[in-house]
Amino acid sequence: MMKKIVLVATLILTAALTCGAKPKEIKILYWNIQNGMWADQGNNYDNFVDFVKGQAPDICVWCEAESRYRTGTCEKMAGCEEAYLPWNWDVLARRYGHEYVQVCGKRDTFPQVITSKFPIRIVSRINGNGDDIIVVHGAGWAQIDLGGKTLNVVTVHTWPQKYAYNAEDTKASVAQQGGDVFRSVEMQYICEQTILSADPSGKDYWMMLGDFNAISSIDNYHYGLESSNKAFLVHDYIRTNTPYIDLIEKQYPGQFEHSTLSGRRIDFIYMTEPLYKCVKSAATIRDGFATSSRIVPNMHGFCTPSDHYPIVTVLKIR
């Protein structure tokens with residue numbers, strides 16, 4: 001009898017503690033940092049580290065997370081013997097308080113990297129099927145353990161050009177919007193290899209984020225293009241075929257939030273509904289260190305510190 005009383009009391013206490021537990025607040029920072037933070041590498045990344053520390057994120061997702069050019073120039077570095085990133089992301093991440101690092105998607109010199117205060121597990125790195133589908137910059141599917149909750153993170157950085165990756169006649173490909181068609185094939189493949197293969201109804205915590213190099217038809221009130229324009233293929237596919245929700249669109253309805261110095265919104269954070277319900281806030285940062293400017297003319301369009309702006313979101317994980 002005494003054992004039963006103790007057991008019941010334990011169950012009641014556990015339930016009370018569980019019900020009274022506060023939601024865990026998680027801050028996520030995403031940014032395409034242009035050539036491995038090219039603008040600050042000559043400064044030992046001190047300004048970059050101070051910026052990240054100031055934001056105090058729990059998880060970071062970086063696009064273009066590899067050193068490619070010598071500071072202040074468009075001279076390519078001599079491979080891994082000269083490039084600091086991605087080989088030293090563990091060292092750099094520890095400077096802003098992150099112990100866990102994974103190179104999530106890497107096929108060329110434009111990888112995506114995740115750093116975190118929580119353990120990260122790579123589920124798969126996605127480069128294409130080795131035949132007719134190529135994911136040019138690679139993509140990745142990682143899982144982050146938030147202490148009892150699993151966050152699925154899909155990182156992307158699609159093909160950036162107006163012509164298709166494998167186009168023989170680039171001018172003809174541009175005329176046919178070959179780049180947009182190629183990106184849409186990349187995106188379909190990435191989704192099929194991640195959320196559509198594991199959780200097509202979007203019941204779990206999923207996010208897909210990165211530089212999509214494509215605009216969304218939901219923003220066409222700003223762009224004013226024909227509705228049939230192939231520039232919308234990537235995001236039309238996501239909106240039609242996946243359970244993902246466009247975070248910034250939902251947080252800022254009818255308000256255009258550009259993510260690049262050029263004035264386009266091509267950086268996106270998508271979430272499944274269970275994760276979106278945890279959103280406390282979301283914002284694009286365009287001031288302070290993140291202020292983008294093109295101070296070096298005729299240099300491949302490089303900007304300082306990047307041609308993209310960071311996006312942050314705060315979640316309350318229950």
Side-chain angles (χ1 to χ4, degrees), residues 26-34 52 55 57-65 98 101-106 110-116 118 120 122-126 135 137-144 146 150-158 160 183 186-187 190-191 193-196 198-199 202 204-216 218-219 234-235 237-239 242-252 257-260 264-276 278-285 290 306 308-315 317:
I26 304 295
K27 187 173 187 180
I28 299 172
L29 168 64
Y30 156 77
W31 196 4
N32 179 326
I33 56 173
Q34 186 193 245
V52 181
Q55 291 298 317
D58 300 287
I59 299 167
C60 293
V61 177
W62 310 113
C63 269
E64 295 198 22
H98 286 193
V101 175
Q102 287 285 356
V103 178
C104 203
K106 177 172 169 60
F110 292 94
Q112 308 105 54
V113 166
I114 302 176
T115 73
S116 172
F118 310 102
I120 311 167
I122 294 293
V123 179
S124 62
R125 294 184 175 93
I126 301 159
V135 180
H137 297 328
W141 171 13
Q143 292 181 332
I144 300 178
L146 300 180
T150 298
L151 174 63
N152 292 278
V153 181
V154 179
T155 68
V156 302
H157 184 188
T158 64
R183 275 184 287 279
E186 281 186 305
M187 184 50 56
I190 291 167
C191 291
Q193 297 298 309
T194 55
I195 192 167
L196 295 181
D199 185 19
D204 298 327
Y205 287 168
W206 285 79
M207 64 191 314
M208 178 170 67
L209 68 173
D211 178 357
F212 288 72
N213 276 311
I215 59 176
S216 173
I218 201 69
D219 294 330
V234 166
H235 295 288
Y237 174 81
I238 297 169
R239 298 172 68 85
T242 78
Y244 283 127
I245 295 167
D246 180 345
L247 170 65
I248 295 298
E249 174 209 341
K250 290 297 184 183
Q251 290 288 298
Y252 299 88
E257 290 289 312
H258 66 284
S259 71
T260 66
R264 297 188 303 160
R265 184 167 82 102
I266 59 175
D267 300 89
F268 289 74
I269 298 178
Y270 280 102
M271 296 179 173
T272 51
E273 185 174 1
L275 187 62
Y276 182 75
C278 299
V279 173
K280 181 181 177 183
S281 64
T284 304
I285 304 173
S306 173
H308 295 250
Y309 298 109
I311 302 172
V312 293
T313 183
V314 177
L315 311 174
I317 303 295

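What you see is a predicted model, and the numbers here were worked out from it, not measured in a lab.
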Could you tell me if the side chain of [Y] sits less than 4.5 Å from the side chain of [X], heavy atoms only?
X: C278; Y: M271; answer: no
X: W206; Y: P243; answer: no
X: Y309; Y: H258; answer: yes
X: V101; Y: V113; answer: yes
X: L151; Y: I317; answer: no
X: M208; Y: C191; answer: yes
X: V156; Y: Y270; answer: no
X: Y276; Y: L247; answer: yes

* To do: Could you please spell out the steps behind the side-chain contact (heavy atoms from CB on, under 4.5 Å) verdict for N152 and V154?
  => CA-CA 7 Å; N152 292 278; V154 179; 5.7 Å; no
[atom1]-[atom2] distance between [X] and [Y], expressed to the nearest 0.5 angstrom:
X: S124; Y: I190; atom1: OG; atom2: CD1; result: 10.5 Å
X: H98; Y: C60; atom1: NE2; atom2: SG; result: 4.5 Å
X: W141; Y: I195; atom1: CH2; atom2: CD1; result: 9.0 Å
X: D267; Y: C63; atom1: CG; atom2: SG; result: 7.5 Å
X: C104; Y: R125; atom1: SG; atom2: CZ; result: 7.0 Å
X: L315; Y: D58; atom1: CG; atom2: CG; result: 9.5 Å

At their closest point, which heavy atom of [X] faces which heavy atom of [Y], and how far apart are they?
X: G210; Y: F212; value: O-CD1, 3.2 Å
X: T150; Y: Y205; value: O-CB, 3.5 Å
X: A290; Y: I285; value: CB-O, 3.8 Å
X: T272; Y: D204; value: OG1-O, 2.7 Å
X: G105; Y: T155; value: N-OG1, 4.2 Å
X: N213; Y: R183; value: O-NE, 3.1 Å

Do side-chain atoms of [X] reach the backbone of [Y] as a donor and acceptor pair under 3.5 angstrom?
X: S306; Y: N32; value: yes
X: R239; Y: D246; value: no
X: Q112; Y: D211; value: no

* Mind running side-chain contact (heavy atoms from CB on, under 4.5 Å) on I311 and E257 for me, showing each step along the way? => CA-CA 10 Å; I311 302 172; E257 290 289 312; over 6 Å; no
* Kindly determine whether T158 and M187 satisfy side-chain contact (heavy atoms from CB on, under 4.5 Å), including the steps that lead there. => CA-CA 8 Å; T158 64; M187 184 50 56; 4.0 Å; yes
Test applied, side-chain contact (heavy atoms from CB on, under 4.5 Å); reference residue, [X]; option that passes from [options]:
X: R265; options: I215, D219, T260, T284; answer: D219
X: P57; options: I26, L29, T115; answer: L29
X: I28; options: V153, T313, V314; answer: T313

* **Test side-chain hydrogen bond (donor to acceptor under 3.5 Å, both in side chains) applied to H308 and Y30, step by step** => CA-CA 10 Å; H308 295 250; Y30 156 77; 5.1 Å; no
* To do: Fit a plane to each ring of F110 and H157, take the angle between them on a 0 to 90° scale, and name the class: parallel (under 30°), tilted (30 to 60°) or perpendicular (over 60°).
  => perpendicular
* Asked: Given V279 and Q251, is the side-chain contact (heavy atoms from CB on, under 4.5 Å) satisfied, shown in steps?
  -> CA-CA 9 Å; V279 173; Q251 290 288 298; 3.8 Å; yes
* Do Y244 and F268 have ring centroids that are under 6.0 Å from one another? -> no
